[in-house]
Visitor: 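What follows is a single structure, and I will ask about it in a moment.
Everything quoted here is computed from the prediction, not taken from an experiment.
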Amino acid sequence: MARNFTENRARNTLIVILVFGLCSFFFLLGAWQRSGSGGGDRIQNWVNEQTKCIQLPNLNFETHHRASGLPNNTGRSEIKPFEPCDQQYTDYTPCEEQKRAMTFPRDHMIYRERHCPPDKEKLYCLIPAPKGYVAPFRWPKSRDFVPYANVPHKSLTVEKAIQNWVHYEGNVFRFPGGGTQFPQGADKYIEQLASVMPISEGKVRTALDTGCGVASLGAYLLKKNVLTMSFAPRDNHEAQVQFALERGVPAYIGVLGSIKLPFPSRVFDMAHCSRCLIPWSGNNGMYMMEVDRVLRPGGYWVLSGPPIGWKIHYKGWQRTKEDLRNEQRKIEQFAELLCWKKISEKDGIAVWRKGLNDKSCSMKQDNLKIGKCELMDDSDIWYKKMEVCITPLPEVNSASEVAGGQLEPFPKRLNAVPPRITLGYVPGFSVHSYEEDNKLWKKHVDAYKKTNNLLDTGRYRNIMDMNAGLGSFAAALESPKLWVMNVIPTIANTSTLGVIYERGLIGMYHDWYVVQFCVALLSFANFGHSVRFSLFSSEIISQNSYIVIWLTFPIIAS
C-alpha cells in the first residue's frame with residue numbers, strides 16, 4: 001500500500017508540472033507574436049492579400065439566355081383564356097354524346113358504350129353550369145334531397161312516378177328510397193338481403209349495382225358500411241347518374257354491352273341487378289360470365305325482377321309463364337356452369353354465391369362447352385371485347401382455400417396487407433413498400449387537413465383521386481362523411497386497382513383522353529368535391545362534378 005501511494009503521488013506531481021509548463025509556453029508564444037518581433041502578423045497580411053475580394057475585369061454578370069431562344073418560341077406565346085361553351089352544352093358529357101351514340105349499332109348495346117369524338121369535334125371551352133345552380137345539400141340530407149336547379153330534368157318523376165324513384169316537390173327533388181323492385185323502400189329490401197348474406201359483418205364491403213337507376217340501393221347500403229359502385233347508361237333518362245352523384249352516391253355512366261367492365265378480376269363482394277333489363281340468359285351467358293369475372297371468390301350475385309318470381313308476377317310483367325320459365329331455366333344453367341350455388345330465392349329475390357376456388361368445382365375446370373378466358377393478367381381488360389369464356393381463378397392447394405387469398409372483414413381490411421401484395425401479384429410492390437406508402441399518405445392527409453380544416457367535416461362528399469396508386473390517400477381519408485373514387489390511368493406501368501378493392505375501397509380504370517392538367521386536392525365548389533393529381537373526365541363524375549370544369553378546366557372531349 002505504501003508503494004502504491006508513493007507511485008500515485010509522483011504521477012500527480014508530474015501532471016501538474018506538465019500542465020504548468022504548457023501554459024507558460026503558450027503564454028510566452030502569444031506575447032512574442034503580439035510584440036511584432038514574431039512573423040505572425042506578416043503571415044496574416046499575406047493570407048489576406050491573396051484572398052482579397054476584388055472585381056476582376058473579365059467577369060460578366062449579365063444573363064446569357066433569352067426567352068426567345070427557347071424551343072418553339074415559348075417565351076413569346078400568350079396564354080389564351082378558354083371561353084364558356086354555349087348553354088346547350090350544359091349536359092354535355094365527353095364520349096357519351098347522344099347524337100354521336102345514335103350512329104353506332106344497337107347490337108349488344110354498343111351505341112350506349114363510350115365513343116369519343118375525333119379531334120375536329122373536340123370542345124375547347126368551359127362547360128356551363130345549369131342556370132340557377134346552387135350548392136347541394138350536405139350529406140346525409142343530400143341522399144334524400146337535390147335542388148331542382150342542379151339537375152333540371154323531370155322525366156323520371158313522370159315515367160317512374162308509381163315506382164317511387166323520385167318526386168318533384170317545389171324547388172327540390174325528393175328521393176324516398178324506393179325502386180321498381182323495392183316498393184317498400186331500400187331499407188326493407190336490404191334487410192331481406194342481410195337475412196341471407198353477411199352484409200352487417202363487414203364481409204360484404206364492395207358492391208356492384210348494374211343498371212342502378214338513381215342509385216338508391218347504393219345510397220342506403222352506405223348505412224351498412226357497404227360501398228357500392230353503381231352504373232347506368234346515358235339514355236332517355238340521362239339524369240340518372242347525375243342524380244346519383246348530386247346525392248353524394250358513387251356512380252358512373254356505363255353499360256354492360258360488348259366491352260369488359262373497367263375493373264380488374266375478383267374485386268366485388270357482391271353484384272346486384274334489380275330489374276336492370278340486362279338479358280342475363282342471352283348471348284350464351286356472356287354477361288353472367290363478366291359478372292363472374294369481377295366477383296370475388298365467395299362473393300354474392302343478387303337478381304330480383306324478371307324472371308325471378310315469375311309464378312306470381314308474370315301478369316304484371318305482361319309475359320307468358322313459358323317465356324319466363326325458360327329464361328330462368330337458362331340463368332340457372334349458366335349459374336351451374338360458373339359453379340354458383342343458389343342460397344336463397346324468396347319474394348322475387350334470388351341470391352347465388354360464387355365458389356371459393358376452381359378446385360372445388362370440376363365442372364368449371366373441365367367444361368367442354370365453354371372455354372377458359374386467356375387474359376395476360378387479371379387487369380388486362382381496358383377496351384377488351386367481352387367473350388363467352390370463364391375467367392380462371394388463381395390456383396390453390398385445397399378445396400377450402402380462397403383463391404387469391406382470404407380478406408379481413410372491413411374495416412380491418414382497410415390497412416391490412418392485401419393478398420395481392422402478400423402473394424407478389426403486383427410487380428414492384430412489397431409488404432414494406434405498402435406499409436411505407438400508408439405512412440406517407442397519412443402524413444400528407446394530416447397536412448391537407450391543416451391547410452383545409454373543412455376536409456373531414458361533411459363539406460366534401462365526392463372526392464376523386466386521379467392517380468390513386470395503392471389507395472392510401474383514400475384510406476387515410478376514410479370516413480362515413482365522404483367517399484373517394486380511385487382512378488388508375490390505363491397508361492400506368494402497373495395496375496394497383498385490385499389492391500385498392502382488397503382494401504375495401506372502390507375505383508376504376510380510365511384512359512383520360514383529355515387535355516392534361518395537374519391539380520392538388522382541388523376543391524369542387526358544388527359539393528366540396530376534390531380531385532388529386534392529373535387528368536379529368538366527366539364520364540365518371542357527371543353533372544355533380546362539372547363545377548370543377550366550369551371553374552377550372554376546358555373540356556377537350558374525352
Side-chain angles (χ1 to χ4, degrees), residues 109 160 162-165 177-199 204 207-218 220-221 224 226 228 230-233 255-256 261 268-295 298-355:
M109 295 290 285
K160 304 293 183 180
I162 62 173
Q163 297 172 12
N164 215 24
W165 279 28
T180 307
Q181 288 303 124
F182 31 96
Q184 294 180 315
D187 273 336
K188 289 286 186 180
Y189 182 84
I190 291 169
E191 288 303 323
Q192 287 181 275
L193 299 182
S195 67
V196 294
M197 296 163 48
I199 287 180
V204 175
L208 178 69
D209 191 11
T210 57
C212 66
V214 294
S216 286
L217 179 76
Y220 281 81
L221 276 172
K224 300 289 188 180
V226 176
T228 307
S230 302
F231 70 87
V255 65
L256 203 56
L261 294 172
F268 290 102
D269 297 315
M270 179 179 81
H272 173 267
C273 164
S274 173
R275 202 169 186 176
C276 58
L277 305 180
I278 294 173
W280 298 111
S281 63
N283 303 314
N284 294 317
M286 183 172 68
Y287 295 144
M288 290 180 66
M289 294 172 194
E290 179 64 1
V291 170
D292 179 73
R293 182 185 70 81
V294 300
L295 201 60
Y300 300 88
W301 186 55
V302 180
L303 177 61
S304 63
I308 307 301
W310 60 268
K311 294 179 182 179
I312 301 173
H313 302 292
Y314 75 96
K315 290 183 179 179
W317 294 336
Q318 298 180 345
R319 293 174 62 181
T320 66
K321 287 184 178 181
E322 188 65 24
D323 180 29
L324 290 164
R325 183 191 296 115
N326 288 336
E327 183 179 352
Q328 180 157 350
R329 179 176 52 81
K330 290 180 181 179
I331 290 174
E332 300 278 9
Q333 290 174 345
F334 288 126
E336 187 177 1
L337 287 175
L338 294 167
C339 292
W340 294 357
K341 180 181 179 181
K342 183 188 280 189
I343 61 175
S344 174
E345 183 176 345
K346 183 180 179 182
D347 299 330
I349 305 173
V351 181
W352 285 265
R353 191 180 187 199
K354 181 177 176 177

Visitor: Hey, what do you get for CG (Leu295) to OH (Tyr300), rounding to the nearest 0.5 Å?
Guide: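 That separation rounds to 10.5 Å.
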Visitor: Where is the tightest heavy-atom contact between Ser304 and His272, given as atom of each residue plus distance?
Guide: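 Where Ser304 meets His272 most closely, the heavy atoms are OG-NE2, 4.4 Å.
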Visitor: Let's go through Asp323 and Tyr314 carefully: what are the C-alpha distance in whole Å and the side-chain angles of both, what is the deciding distance for side chain to side chain contact (heavy atoms under 4.5 Å, CB included) to 0.1 Å, and is it a yes or a no?
Guide: CA-CA 10 Å; Asp323 180 29; Tyr314 75 96; over 6 Å; no
Visitor: State the CH2-CD distance between Trp352 and Glu332, to the nearest 0.5 angstrom.
Guide: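 Nearest 0.5 Å value for the CH2-CD distance: 5.0 Å.
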Visitor: Closest heavy-atom contact between Gln181 and Ser274?
Guide: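 Shortest heavy-atom separation between Gln181 and Ser274 comes out as CB-OG, 3.0 Å.
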Visitor: Look only at the side chain of Thr210 and the backbone of Phe231, and say whether a donor-acceptor pair between them is shorter than 3.5 Å.
Guide: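 Judged by distance alone, no pair lies under 3.5 Å.
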Visitor: Can you name the nearest heavy-atom pair linking Cys212 to Asp209, along with the distance?
Guide: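 Nearest heavy atoms, Cys212 then Asp209: CB-OD2, 3.6 Å.
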Visitor: Closest approach of Gly177 and Ser216, non-hydrogen atoms and distance?
Guide: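 Heavy atoms only, the tightest pair is CA-OG, 4.2 Å.
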Visitor: Fit a plane to each ring of Tyr189 and Phe182, take the angle between them on a 0 to 90° scale, and name the class: parallel (under 30°), tilted (30 to 60°) or perpendicular (over 60°).
Guide: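 Tilted: the ring planes of Tyr189 and Phe182 meet at 30° to 60°.
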Visitor: Listing request: all salt bridge (charged side-chain N to carboxylate O under 4.0 Å, His left out) pairs with a residue in residues 269-278, at least two apart in sequence or in separate chains.
Guide: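 Qualifying pairs: Asp269-Arg296, Asp269-Arg413.
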Visitor: For the pair Trp280 and Leu256, evaluate side chain to side chain contact (heavy atoms under 4.5 Å, CB included) and give the outcome as yes or no after the intermediate values.
Guide: CA-CA 10 Å; Trp280 298 111; Leu256 203 56; 3.8 Å; yes
Visitor: Quick check: closest heavy atoms across Leu221 and Ile190, and the distance to 0.1 Å?
Guide: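 Smallest interatomic distance, heavy atoms only, reads N-CD1, 3.6 Å.
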Visitor: Measuring from Leu324:CG to Ile308:CD1, what's the distance to the nearest 0.5 Å?
Guide: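 It is 10.0 Å, given to the nearest 0.5 Å.
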Visitor: Show your working on side chain to side chain contact (heavy atoms under 4.5 Å, CB included) between Arg319 and His313 and close with a plain yes or no.
Guide: CA-CA 9 Å; Arg319 293 174 62 181; His313 302 292; over 6 Å; no
Visitor: In Å, rounded to the nearest 0.5 Å, how long is the span from CG of Leu217 to CG of Leu193?
Guide: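 The distance works out to 7.0 Å.
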Visitor: So how far is it from Asp347 CG to Ile312 CD1, rounded to the nearest 0.5 Å?
Guide: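 Here the interatomic distance stands at 7.5 Å.
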Visitor: Given the rule in the side chain to side chain contact (heavy atoms under 4.5 Å, CB included) test, do Lys354 and Asp292 qualify, once you have shown the distances and angles that lead to the verdict?
Guide: CA-CA 8 Å; Lys354 181 177 176 177; Asp292 179 73; 3.4 Å; yes
Visitor: Rounded to the nearest 0.5 Å, what separates atom CD1 in Ile278 from atom CE in Met109?
Guide: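 So the gap between those two atoms works out to 8.5 Å.
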Visitor: Which of these, Gln328, Glu327, Glu322, sits in a side-chain hydrogen bond (donor to acceptor under 3.5 Å, both in side chains) with Arg325?
Guide: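 Looking at Gln328, Glu327, Glu322, the match for Arg325 under the side-chain hydrogen bond (donor to acceptor under 3.5 Å, both in side chains) is Glu322.
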Visitor: How are the rings of Trp340 and Trp301 set relative to one another: parallel (under 30°), tilted (30 to 60°) or perpendicular (over 60°)?
Guide: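 Aromatic pair Trp340/Trp301 classed tilted.
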Visitor: If you take all heavy atoms of Ile343 and Val196, which pair is closest and at what distance?
Guide: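 Nearest pair, atom of Ile343 first, then Val196: CD1-O, 3.6 Å.
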Visitor: Should Glu290 and Arg293 count as an ion pair when the cut-off is N to O under 4.0 Å?
Guide: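 Arg293 and Glu290: salt-bridged.
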Visitor: Around atom NZ of Lys321, are there more than 12 heavy atoms of other residues, nucleotides or ligands at under 6.0 Å?
Guide: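 Not buried by this count: 12 neighbours or fewer within 6.0 Å.
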Visitor: Under 6.0 Å from the CD atom of Gln184, do we count more than 12 heavy atoms belonging to anything else shown?
Guide: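 No - once you tally the heavy atoms of other residues, nucleotides and ligands closer than 6.0 Å, there are 12 at most.
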